[in-house]
Visitor: 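Quick one: the structure is below, and I'll ask about it shortly.
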Amino acid sequence: MTIAPVQRSTVQSSPALGSSGWTDARLILALEEVVEKELNRHLGVAKEWMPHEFVPWSRGRDFDGVLGGEAWALDQSQVTALGRVSLVVNLLTEDNLPSYHHEIASMFGREGAWGTWVHRWTAEEGRHGIAIRDYLLATRAVDPVQLERARMNHMSEGFESDNAHSMLQSVAYVAFQELATRIAHRNTGKYAGDPLCEQLLAKIANDENLHMVFYRNLLAAALEIAPDQAMRAIADVVTDFRMPGHGIPGFERAAAQIALGGVYNLRIHHDDVLQPVLRKLRVMEIGGLGPEGVLAQNELGVFLDGLDAQARKFEDRQAAILARREARRGAE
């Protein structure tokens, strides 16, 4: 899978430190200037937007309970069945923000440019959950009782990152995960059946894209400073990737519906998440690696080939299932 070597003309790994000398603490210090640069770039391009402007408040009305309003019923929802499932998964994922903040603040610290970024990222992510929940309740898109119970169950479990043991793996993970989240939001809006919902999720997806660029550029700098360790981190993250919402009650069933509906599946993960980041970083072209880096690069190439084959099998199953459904509808 290795093609031609990429020339790394800026920061190189220090002979005094070597690959094994790059501890998390040293890497955090070494990347501080990159974080500051990327933070300033982010603040220069990020555009303010107001969540309340994308919520149709005039469509809202009292629910049953204390206010004695109308109980929720499925026929009140204007979004599609696929849209409801995906919106709930997206929202419950966003709801665990306190745990995510704890994870990255513990890893990156709360001082200097790192700390400023941690707080800025948290503030931007916070409006995503606010906006989606307000939209869902105002439009009666989902059962509010089930939604609240799912939130309580999910948040009560907390969140523990698969990559908390490694600063480089944490950076590599979010570089891919932020792009995956962007695509999940965009495709959810596409299939939700409500133009306003699509507008809202496009705004959220734009935030996620800017977050991806920040982490991707940070990962690029890490590949220059500690190429072998960074390559190993990328290989480990890609081959064992899980979305942060995997602990949501009923996630497997919801994920199957989301995959079949075309919101997020193996083909999208391979083509639209992994490959764009890997190509931008030219990961499979980097030469001059040590044994550890070469091994990780080769493992990554083998895994990507296998994932592509799995995606093709999924597409065949997806086409067969959808064809059967269409045939049944035609026979009714």
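Keep in mind that the numbers below use all heavy atoms, side chains included, and drop hydrogens, waters and symmetry copies.
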Visitor: Other residues, nucleotides and ligands only: do more than 12 of their heavy atoms fall within 6.0 Å of CZ on Arg41?
Guide: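 More than 12 heavy atoms, drawn from other residues, nucleotides or ligands, come within 6.0 Å of this atom.
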Visitor: Would you mind checking if Arg232 and Asp236 are paired as a salt bridge, meaning a charged N to carboxylate O distance below 4.0 Å?
Guide: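 Judged by the 4.0 Å cut-off on N to carboxylate O distance, Asp236 and Arg232 do form a salt bridge.
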Visitor: From Arg267 CZ over to Gln310 CD, what is the distance, rounded to the nearest 0.5 angstrom?
Guide: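 Rounded to the nearest 0.5 Å, the CZ-CD separation comes to 10.5 Å.
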Visitor: Mind checking whether Leu179 and Val213 sit in one hydrophobic cluster, side chains of I, L, V, M, F, W, Y counted as touching below 4.5 Å?
Guide: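 Yes; tracing contacts between hydrophobic side chains, which count when under 4.5 Å, links both residues.
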Visitor: Test salt bridge (charged side-chain N to carboxylate O under 4.0 Å, His left out) on Arg120 and Glu124 and set out the steps.
Guide: CA-CA 6 Å; Arg120 173 71 187 203; Glu124 291 183 0; 2.5 Å; yes
Visitor: Please check if the number of heavy atoms outside His102 that lie under 6.0 Å from its NE2 is greater than 12.
Guide: no
Visitor: Given His185 and Glu94, is the side chain to side chain donor-acceptor pair (under 3.5 Å) satisfied, shown in steps?
Guide: CA-CA 11 Å; His185 282 306; Glu94 299 284 357; 3.0 Å; yes
Visitor: When rounded to the nearest 0.5 angstrom, what is the spacing between CG in Leu136 and CG in Asp143?
Guide: 11.5 Å
Visitor: Is any side-chain heavy atom of Thr239 closer than 4.5 Å to a side-chain heavy atom of Glu299?
Guide: no
Visitor: Any chance you could lay out the salt bridge (charged side-chain N to carboxylate O under 4.0 Å, His left out) test for Asp308 and Arg312, step after step, and finish with the verdict?
Guide: CA-CA 6 Å; Asp308 185 52; Arg312 286 196 298 271; 2.6 Å; yes
Visitor: Is any side-chain heavy atom of Val283 less than 4.5 Å from a side-chain heavy atom of Leu223?
Guide: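 Yes; the side chains approach each other to less than 4.5 Å.
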Visitor: Check this for me: Arg133, atom CZ, are more than 12 non-hydrogen atoms of other residues, nucleotides or ligands nearer than 6.0 Å?
Guide: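 It does: Arg133 CZ has more than 12 such atoms within range.
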Visitor: With a sphere of 6.0 Å drawn around CD of Glu157, does it hold more than 12 non-hydrogen atoms of other residues, nucleotides or ligands?
Guide: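 Result for CD/Glu157: open.
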Visitor: Flag yes if more than 12 heavy atoms outside Arg61 fall under 6.0 Å of its CZ atom; otherwise flag no.
Guide: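 More than 12 within 6.0 Å, yes.
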Visitor: Indicate whether any N or O donor in one side chain lies under 3.5 Å from an N or O acceptor in the other, for Ser99 and Glu103.
Guide: no
Visitor: Where do Ala205 and Arg186 come nearest, in terms of heavy atoms and distance?
Guide: CB-CG, 3.3 Å
Visitor: With rounding to the nearest 0.5 Å, note down the distance linking CG in Leu218 to CG in Leu31.
Guide: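 CG of Leu31 is found 5.0 Å from CG of Leu218.
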Visitor: Mind checking the CD-CZ spacing from Glu178 to Arg216? Nearest 0.5 Å is all I need.
Guide: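 If I round to the nearest 0.5 Å, the distance is 12.5 Å.
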Visitor: Would you say the side chain of Tyr100 lies within less than 4.5 Å of the side chain of Thr122, judging by non-hydrogen atoms?
Guide: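 No; the side chains remain at least 4.5 Å from each other.
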Visitor: Could you label the plane-to-plane angle of the Trp49 and Phe54 rings as parallel, tilted or perpendicular, counting under 30° as parallel and over 60° as perpendicular?
Guide: perpendicular
Visitor: Say whether Ile132 and Val145 are linked into one hydrophobic cluster, either directly or through other cluster members, by side-chain heavy-atom distances under 4.5 angstrom.
Guide: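 They do not share one cluster, since no chain of ILVMFWY contacts under 4.5 Å joins Ile132 to Val145.
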Visitor: Assigning hydrophobic clusters by single linkage (Ile, Leu, Val, Met, Phe, Trp, Tyr; side-chain heavy-atom cutoff under 4.5 Å), is Met243 placed with Leu91?
Guide: yes
Visitor: Would you compute the distance between atom CD of Glu292 and atom CG of Leu295 and round it to the nearest 0.5 angstrom?
Guide: 8.5 Å
Visitor: What closest approach, in Å, do Ser77 and Arg84 show between heavy atoms, and which atom pair accounts for it?
Guide: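 Ser77 and Arg84 have their closest heavy atoms at OG-NH1, 3.4 Å.
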Visitor: Using distance alone, with no hydrogens and no angle criterion, decide if His154 and Asp95 have a side-chain donor and acceptor under 3.5 Å apart.
Guide: no
Visitor: Hydrophobic clustering (ILVMFWY, side-chain heavy atoms < 4.5 Å, transitive) - are Leu281 and Leu210 grouped together?
Guide: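 Result: no, two separate clusters.
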Visitor: Gln318 side chain to Leu260 main-chain N or O, any donor-acceptor pair under 3.5 Å?
Guide: yes
Visitor: Tell me, yes or no, whether the heavy-atom count around Glu33 atom CD, taken from other residues, nucleotides or ligands under 6.0 Å, exceeds 12.
Guide: no
Visitor: Minimum heavy-atom separation for Val89 to Ala254, with atom names?
Guide: CG2-CB, 3.7 Å
Visitor: Other members of the hydrophobic cluster containing Leu74, with the 4.5 Å side-chain heavy-atom rule, please.
Guide: Phe63, Trp72
Visitor: When you measure from the side chain of Glu198 to the backbone of Ala192, do you find a donor-acceptor pair of N or O atoms at a distance under 3.5 Å?
Guide: no
Visitor: If every non-hydrogen atom of Asn153 is compared with every non-hydrogen atom of Pro249, which pair is closest and at what distance?
Guide: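 Of all heavy-atom pairs spanning Asn153 and Pro249, the closest is CB-CG, 4.0 Å.
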Visitor: What residue among Leu87, Ile204, Val85 forms side chain to side chain contact (heavy atoms under 4.5 Å, CB included) with Thr188?
Guide: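 With Thr188 as partner, Leu87, Ile204, Val85 yield a single side chain to side chain contact (heavy atoms under 4.5 Å, CB included), made by Leu87.
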Visitor: Spell out, as yes or no, whether a donor-acceptor pair under 3.5 Å connects the side chain of Tyr173 to the backbone of Arg242.
Guide: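 It does hold such a pair.
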Visitor: Is Leu274 close to Leu307 at the side-chain level, that is, under 4.5 Å between some pair of heavy atoms?
Guide: yes
Visitor: Looking only at heavy atoms, which two atoms of Gly245 and Thr93 are closest? And how far apart?
Guide: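 Smallest interatomic distance, heavy atoms only, reads CA-OG1, 3.6 Å.
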Visitor: Between Phe214 and Trp117, what is the ring plane arrangement, given parallel below 30°, perpendicular above 60°, and tilted in between?
Guide: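 Correct class here is parallel.
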Visitor: Please answer: with hydrophobic residues joined when any side-chain heavy atoms are less than 4.5 Å apart, are Val55 and Leu200 in the same cluster?
Guide: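 No, no single cluster joins them.
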Visitor: Do Gln257 side-chain atoms and Ser86 backbone N/O form a donor-acceptor pair below 3.5 Å?
Guide: no
Visitor: Please check: side-chain N/O of Asn163 versus main-chain N/O of Ser170, any donor-acceptor pairing under 3.5 Å?
Guide: no
Visitor: Exactly one of Thr181, Asp272, Ile258 should register a side chain to side chain contact (heavy atoms under 4.5 Å, CB included) with Tyr264. Which one does?
Guide: Ile258
Visitor: Report yes if the side chains of Arg149 and Gln146 come closer than 4.5 Å at any heavy-atom pair, otherwise no.
Guide: no
Visitor: Measure from the side-chain N and O atoms of Trp22 to the backbone N and O of Ala222, and report whether any donor-acceptor pair falls under 3.5 Å.
Guide: no
Visitor: Apply side chain to side chain contact (heavy atoms under 4.5 Å, CB included) to Glu125 and Glu208, showing your working.
Guide: CA-CA 8 Å; Glu125 289 287 343; Glu208 304 289 7; 2.9 Å; yes
Visitor: Please say which of Ile104, Leu27, Leu219 ends up in a side chain to side chain contact (heavy atoms under 4.5 Å, CB included) with Val171.
Guide: Leu219
Visitor: Could you tell me if the side chain of Phe241 sits less than 4.5 Å from the side chain of Asp162, heavy atoms only?
Guide: no
Visitor: Going by heavy atoms in the side chains, are His52 and Trp57 under 4.5 Å from each other?
Guide: yes
Visitor: Side chain to side chain contact (heavy atoms under 4.5 Å, CB included) between Asn96 and Met155: does it pass, once the steps are laid out?
Guide: CA-CA 6 Å; Asn96 245 345; Met155 291 192 68; 3.8 Å; yes
Visitor: Of the non-hydrogen atoms in Ala150 and Leu92, which two are nearest, and what is the gap between them?
Guide: CB-CD1, 3.7 Å
Visitor: Roughly how far, to the nearest 0.5 Å, is CG of Asn206 from NE2 of His211?
Guide: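 The NE2 atom of His211 sits 9.5 Å away from the CG atom of Asn206.
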Visitor: So which of Glu111, His101, Met107 actually passes side chain to side chain contact (heavy atoms under 4.5 Å, CB included) with Val118?
Guide: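 Of the listed options, the one satisfying the test is His101.
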Visitor: Got Leu196 and Thr139 here, is their nearest side-chain heavy-atom distance under 4.5 Å?
Guide: no
Visitor: Would Phe108 and Val35 satisfy side chain to side chain contact (heavy atoms under 4.5 Å, CB included), going step by step from the backbone distance to the final call?
Guide: CA-CA 11 Å; Phe108 301 141; Val35 172; over 6 Å; no
